[in-house]
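Scroll down for the structure; my scribbles are underneath it.
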Amino acid sequence: MIVTRFAPSPTGYLHVGGARTALFNWLYARRAGGKFILRIEDTDLKRNTPTAMQQVIDDLRWLGIDWDEGPEVGGPNGPYLQSQRRDIYDRYIRQLLDEGKAYYCFETTEELGALREEAAGGKQGFAYQRPEVFATHDEAEQARAEGRPVTVRLKVQQEEVTVVNDVVRGEVCFGPGEVGDFIILKSDGFPTYHFAVVVDDELMGVTHVIRGQEHLMNTPAHQALQKALGFRIPVYAHMSVTVSETGGKLSKRERPKALRTAIGASEEIDVQQLAAAGGIDIEMFNAFVMGKLTPDMPAIDAMAEYLGVHLPEINVVDFFRSGYLPETMVNFLALLGWNPGDDREVMTREEVVAAFDISRMAKSNSLFDRKKLLSFNTEHIRIIGHEKLSVHLRRYLEVVGSPVAAADDEMLMRLVRINEGARTLADIDAKCRFLFVANNAVGYDPKAVQKILLKADGLAVLKEVRERLAALETLTPESIETVLRSLAEEKQIGLGKVAQPLRVAICGTTVSPPIFDSVELLGLDNTLDRIDIALKRFAE
RNA sequence: GCCCCCAUCGUCUAGCGGCCUAGGACGCCGGGUUCUCAUCCCGGUAACAGGGGUUCGAGUCCCCUUGGGGGUACCA
């Protein structure tokens, strides 16, 4: 049976790069009828954020990536948090020590840093000098008792060439001495990543490791460990990296960076207010602007919202908040470094699962193209079906706190129907908000008012529109259309000349769903009321 | 510095020695539909990084150069 896993370290929100790794593993397992495991790699206390695991879990669930074993679902190979597996690691560490395949070390971080510095000028990279005689368990205990750092290193064969057999890259060779004796147990008693992955992948029966290219260089070390422990070597597939428009790999730092740039570019901003909007004090704000530190995500988001700037989406939640569908993300992410071998691009989740195979993974890095993503989203909004779309929309509206969330199910379906062609859920939200504000609270866009109502005879037309609508007996999109069209015809003007003043009067902007539906949904009383308000307000 | 990986339109890619006059998609440009925005429809622009080989024949195989990316931790 094929077993894959996704093993994130809980450092914060799941970002697209991680999501793509998770997706590839999930797709492969699902396609092959195998098993997909979620494992949390929390062996670094310093990096762990308390809420991060939940965030990662939520993001995966949103994407529709489910796991057969892991947190919240359990399984026969648990626990699935590495921090809870220390006794297991200790056993294997002890085994290696007893067999003379690993040894204790006592250097401090500073000492190691100095050695590395020294080696920096040399031709070969830094390699740890293996001691002549090895410390005993007792000596290690003693050192620990004295408060000295104790680590364990693996003895790595220095003579042989290591060959990594990679599904996407073929055979990759590493010369003798490329891998030094590396640390497998840290002085805080936790295993290093290298040790924990190897042990867990073996114990959990992982057959295929699909991971980022950044791990290719780690693989010889992992294989050395597998050999020392007598483990099997799983199939490796190292994925190409996703790079961002700005070059380099897609990183979480891009959002704060974009915000910093925006702050720098905008003139006349009230820094006090901006800092307050982000919930940070002015010193912190200044430090941020100068690039000295980075506030947390919510602060960044809040300031961006205050400034009205759009930050590049990096985390999975960013895409959710921008109104993308999980179907879009799955489809798009899958196509970054993989393709089905034919001309299909927009595919449903089921189609992607059915077509996926690691043998068609691309070698070269790819750029994350947000324009194409948008077009994919437009297409998925179109093909997903109204029922599913309204479920997504409801959740979206609730989470972003839109007034449109007040719509009942019937209304929501209606909104979905009249918004065909929307590019994101955010588009639908924005276009429909006018329906959920009080008549006297419509925000009029000055430009729209100027251009549509005040220019030409916008107000005069609006007055006539009012009269015609008021005389209407039954209010349906069709009846409204008839009225507006006949008015336009009589006046020998385009429908736009009639519709636009009405639109601005009821929405405050030049953009809304189709005008006939908009009026009908708003209701006759509200429509007339808003026209009156506009007429009065912009009369002179 | 050292090690590793990669290289087709602006972008994602198809291509696994002759089917390539290099195909698709996004973008972009032009046109059309339309009550706004968006959608939708039609048309166009645009690429094998450079240089050597191998071969009857190279986008496809090999080497070098250049360019890009990754790694070089008691992070994962």
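Note that these values count all heavy atoms, side chains included, but never hydrogens, waters or copies made by symmetry. Chain letters run A, B, ... following the sequence lines, proteins first and then strands; every chain starts at 1.
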With rounding to the closest Å, how many angstrom separate the [atom1] atoms on [N] and [M]?
{"N": "U65(B)", "M": "G1(B)", "atom1": "P", "answer": "14 Å"}
{"N": "U8(B)", "M": "A49(B)", "atom1": "C1'", "answer": "10 Å"}
{"N": "C48(B)", "M": "C20(B)", "atom1": "C1'", "answer": "11 Å"}
{"N": "C42(B)", "M": "G24(B)", "atom1": "P", "answer": "13 Å"}
{"N": "G69(B)", "M": "A14(B)", "atom1": "C1'", "answer": "23 Å"}
{"N": "U45(B)", "M": "G51(B)", "atom1": "C1'", "answer": "29 Å"}
{"N": "G50(B)", "M": "U60(B)", "atom1": "P", "answer": "10 Å"}
{"N": "C64(B)", "M": "A47(B)", "atom1": "C1'", "answer": "23 Å"}

Reckon [X] touches a base, only the sugar-phosphate, or nothing at all at heavy-atom distances under 4.0 Å?
{"X": "Phe516(A)", "value": "base"}
{"X": "Thr510(A)", "value": "base"}
{"X": "His238(A)", "value": "nothing"}
{"X": "Arg503(A)", "value": "base"}
{"X": "Thr509(A)", "value": "nothing"}
{"X": "Lys497(A)", "value": "nothing"}
{"X": "Arg485(A)", "value": "sugar-phosphate"}
{"X": "Glu41(A)", "value": "sugar-phosphate"}
{"X": "Cys105(A)", "value": "nothing"}
{"X": "Thr11(A)", "value": "nothing"}
{"X": "Ser187(A)", "value": "base"}
{"X": "Ile515(A)", "value": "base"}
{"X": "Gly341(A)", "value": "nothing"}
{"X": "Leu185(A)", "value": "nothing"}

Query raised in the report: Taking the six-membered ring for Trp, are Phe376(A) and Phe319(A) ring centroids under 6.0 Å apart?
Result: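 Ring centres of Phe319(A) and Phe376(A) not closer than 6.0 Å.
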To the side chain of [X], which of [options] is closest?
{"X": "Arg382(A)", "options": "C75(B), U39(B), C5(B)", "value": "U39(B)"}
{"X": "Lys371(A)", "options": "A76(B), G27(B), C12(B)", "value": "G27(B)"}
{"X": "Glu345(A)", "options": "U36(B), G27(B), A25(B)", "value": "A25(B)"}

Query raised in the report: Under 3.5 Å, side chain of Arg39(A) to main-chain N/O of Leu81(A), donor-acceptor pair present?
Result: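 No, Arg39(A) side chain to Leu81(A) backbone: no donor-acceptor pair under 3.5 Å.
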State whether a side-chain donor-acceptor pair under 3.5 Å links [X] with [Y].
{"X": "Ser512(A)", "Y": "Arg503(A)", "answer": "yes"}
{"X": "Glu313(A)", "Y": "His15(A)", "answer": "no"}
{"X": "Arg414(A)", "Y": "Ser390(A)", "answer": "no"}
{"X": "Glu107(A)", "Y": "Tyr128(A)", "answer": "yes"}
{"X": "His392(A)", "Y": "Glu327(A)", "answer": "yes"}

Check: [X] side chain, [N] base, donor-acceptor under 3.5 Å:
{"X": "Lys372(A)", "N": "C12(B)", "value": "yes"}
{"X": "Arg47(A)", "N": "C75(B)", "value": "yes"}
{"X": "Ser364(A)", "N": "C6(B)", "value": "no"}
{"X": "Lys431(A)", "N": "C37(B)", "value": "yes"}

Query - Smallest separation among heavy atoms of Tyr103(A) and Pro131(A), with atom names - result: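 Shortest heavy-atom contact: CE1-CD, 3.5 Å.
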Between [atom2] on [N] and [atom1] on [X], what's the gap in Å once rounded to a whole number?
{"X": "Arg360(A)", "N": "C12(B)", "atom1": "CZ", "atom2": "C1'", "answer": "14 Å"}
{"X": "Leu14(A)", "N": "A76(B)", "atom1": "CG", "atom2": "P", "answer": "18 Å"}
{"X": "Asn331(A)", "N": "C12(B)", "atom1": "CG", "atom2": "P", "answer": "17 Å"}
{"X": "Tyr236(A)", "N": "C5(B)", "atom1": "OH", "atom2": "C1'", "answer": "17 Å"}
{"X": "Ile428(A)", "N": "C37(B)", "atom1": "CD1", "atom2": "P", "answer": "18 Å"}
{"X": "Asp342(A)", "N": "A25(B)", "atom1": "CG", "atom2": "C1'", "answer": "12 Å"}
{"X": "Phe195(A)", "N": "A73(B)", "atom1": "CZ", "atom2": "C1'", "answer": "18 Å"}

**Report entry** Those residues that, when tested against His208(A), pass side chain to side chain contact (heavy atoms under 4.5 Å, CB included) (two or more places apart)
**Finding:**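 Once residues adjacent in sequence are excluded, the partners of His208(A) under the side chain to side chain contact (heavy atoms under 4.5 Å, CB included) criterion are Ile2(A), Thr4(A), Tyr28(A), Val235(A), Ile358(A).
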Query raised in the report: Quick one: which of Gln213(A), His215(A), Arg211(A) gives a side chain to side chain donor-acceptor pair (under 3.5 Å) with His238(A)?
Result: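 When side chain to side chain donor-acceptor pair (under 3.5 Å) is applied between His238(A) and each of Gln213(A), His215(A), Arg211(A), only Arg211(A) qualifies.
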Query raised in the report: Among residues 212-224 of chain A, which residues get a heavy atom nearer than 4.0 Å to RNA chain B?
Result: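 Contacts with RNA chain B under 4.0 Å: Gln213(A), Glu214(A), His215(A), Leu216(A), Met217(A), Asn218(A).
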Query raised in the report: Listed by chain and number, what are the ring-ring contact (aromatic ring centres under 6.0 Å, His included) partners of Phe436(A), not counting sequence neighbours?
Result: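 Listed in chain order: nothing, the list is empty.
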Requested in this report: Both distances under 3.5 Å, Watson-Crick or G-U wobble: report the partner of G43(B), or none.
Outcome: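 Partner of G43(B): C29(B).
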Query raised in the report: Does Thr43(A) have a side-chain nitrogen or oxygen under 4.0 Å from the phosphate oxygens OP1 or OP2 of A76(B)?
Result: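 Thr43(A) to A76(B) OP1/OP2: side-chain N or O found under 4.0 Å.
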